[in-house]
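A quick write-up on the structure given underneath.
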Amino acid sequence: MGTTTCSTEWIDALVDTATELAHTSPGIDEVQRLETYDTWTDSASGAFVALVGEETSVQLGITADFNVCKKLANLFLGMDADDDELPREDVVDVMGELTNIVAGMCKTRMAEVGQHISLSIPLFMEGRVPDSDNQRISLSKCLFGDLPVQFIVLQPTAKGASNDHGS
Amino acid sequence: MKILIVNDSKAMRMIISRTLRQAGCDEDFLQAADGVEALEVISESQPDLVFCDWNMPNMNGIELLKELRSQGNKVEFVFVTSEGTEEIRELAMQNGASKVITKPFTPDVFEQVLLSVAN
């Protein structure tokens, strides 16, 4: 997988690794794919991690409605999904960690085919990234257990990549 | 057995603590949020075993391990990381780590480490 790899392959890798993660997480058995889009759909909250290497530049994200993020964080911490006590900063922390784990698993897969890349620290965002000619998006709506989440891949377009090199 | 968990994510420290309890370890765990804080805790409390993240601010996991070994500290040191590449495993082991646990993990992996250290 590299710069030329289409977003679909990244989405596949993202969903596959999230499925592996689900198998070891309490209260989440599987990831079910629903529909894939090439544009932002709903405004949401979630974390993004950048994977950057000589042949690769991509951002992987997991987003959802904040209340869903909270349920996901509760489950990941081994609590009841509807527990209301988890503070906001812990929800942000868990979403970042979830995305970091999935991105790390994607990195390991890429290392197996000889690509050396680095991971950024997770960044939490709310809302949506503005549409831009400089990047393309692939967004897959999924059920993570029974929770509706979005797996997102952001990649620079040729225009975005040339802008990067020129800066 | 005194165990130190080093991770900049509070959530991850909670998850590792829970997993260690599931693995049969009924202790209160020492905690640190980065390598600098870990050096202080290690100096004060002298743990038997350290579970440490790879990527952290201030001082990352491999820098912490190198610093400990340069001080002659031989504490059992296990990395817990989402980056399970061969390159990272080799670097960890070359610098004196006992094991690299890759996230996501299950309690049995921690159980093996606990048994190994206890023996």
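Naming: A, B, ... by sequence-line order, numbering from 1 per chain.
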Contact residues of residues 81-95 of chain A (partner chain B; heavy-atom separation under 4.5 angstrom): A:Asp90, A:Asp93, A:Val94
If you draw a 6.0 Å radius around CD1 in A:Ile121, do more than 12 non-hydrogen atoms from other residues or ligands fall strictly inside? no
About how many Å separate CG of A:Leu72 and CG of A:Asp65, when rounded to the nearest 0.5 Å? 12.0 Å
What distance do A:Leu14 atom CG and A:Thr19 atom OG1 have between them, rounded to the nearest 0.5 Å? 9.5 Å
Non-hydrogen atoms of chain B under 4.5 Å away: do they reach the side chain of A:His23, the backbone, both or neither? neither
Among the clusters formed by ILVMFWY side chains lying less than 4.5 Å apart, do B:Val6 and B:Ile16 turn up in the same one? no
Give the cluster check for B:Ile42 versus B:Phe29: same hydrophobic cluster or not, with ILVMFWY residues linked at side-chain heavy-atom distances below 4.5 Å. no
Backbone of [Y] reached by a side-chain donor or acceptor of [X] within 3.5 Å:
{"X": "A:Thr157", "Y": "A:Asn134", "result": "yes"}
{"X": "A:Lys71", "Y": "A:Leu147", "result": "no"}
{"X": "B:Thr19", "Y": "B:Ile15", "result": "yes"}
{"X": "B:Arg18", "Y": "A:Leu77", "result": "yes"}

Contact summary for [X] and [Y], nearest pair of heavy atoms:
{"X": "A:Phe144", "Y": "A:Ala18", "answer": "CE1-O, 3.7 Å"}
{"X": "A:Ala22", "Y": "A:Val31", "answer": "CB-CG2, 4.2 Å"}
{"X": "B:Val36", "Y": "B:Asp34", "answer": "N-OD1, 3.0 Å"}
{"X": "A:Gly61", "Y": "A:Thr99", "answer": "CA-CG2, 4.3 Å"}
{"X": "A:Ala44", "Y": "A:Ala64", "answer": "CB-O, 3.6 Å"}

Does the pair A:Leu139 and A:Ile152 meet the rule for a side-chain contact (heavy atoms from CB on, under 4.5 Å), with working shown? CA-CA 5 Å; A:Leu139 182 154; A:Ile152 296 174; 4.0 Å; yes
Chain A contact residues among [range], heavy-atom distance under 4.5 Å:
{"range": "residues 49-84 of chain B", "result": "B:Ser82, B:Glu83, B:Gly84"}
{"range": "residues 7-14 of chain B", "result": "B:Ser9, B:Lys10, B:Ala11, B:Met12, B:Met14"}
{"range": "residues 97-111 of chain B", "result": "B:Lys103, B:Pro104, B:Phe105, B:Thr106"}

Could A:Asp12 and A:Arg33 be called an ion pair, given the rule that one side-chain N must be under 4.0 Å from one carboxylate O? yes
Could you walk me through whether A:Leu21 and A:Phe76 pass the side-chain contact (heavy atoms from CB on, under 4.5 Å) test, one step at a time? CA-CA 10 Å; A:Leu21 174 62; A:Phe76 200 60; 3.9 Å; yes
With a 4.5 angstrom heavy-atom cut-off, which part of B:Glu87 approaches chain A: side chain, backbone, both or neither? side chain
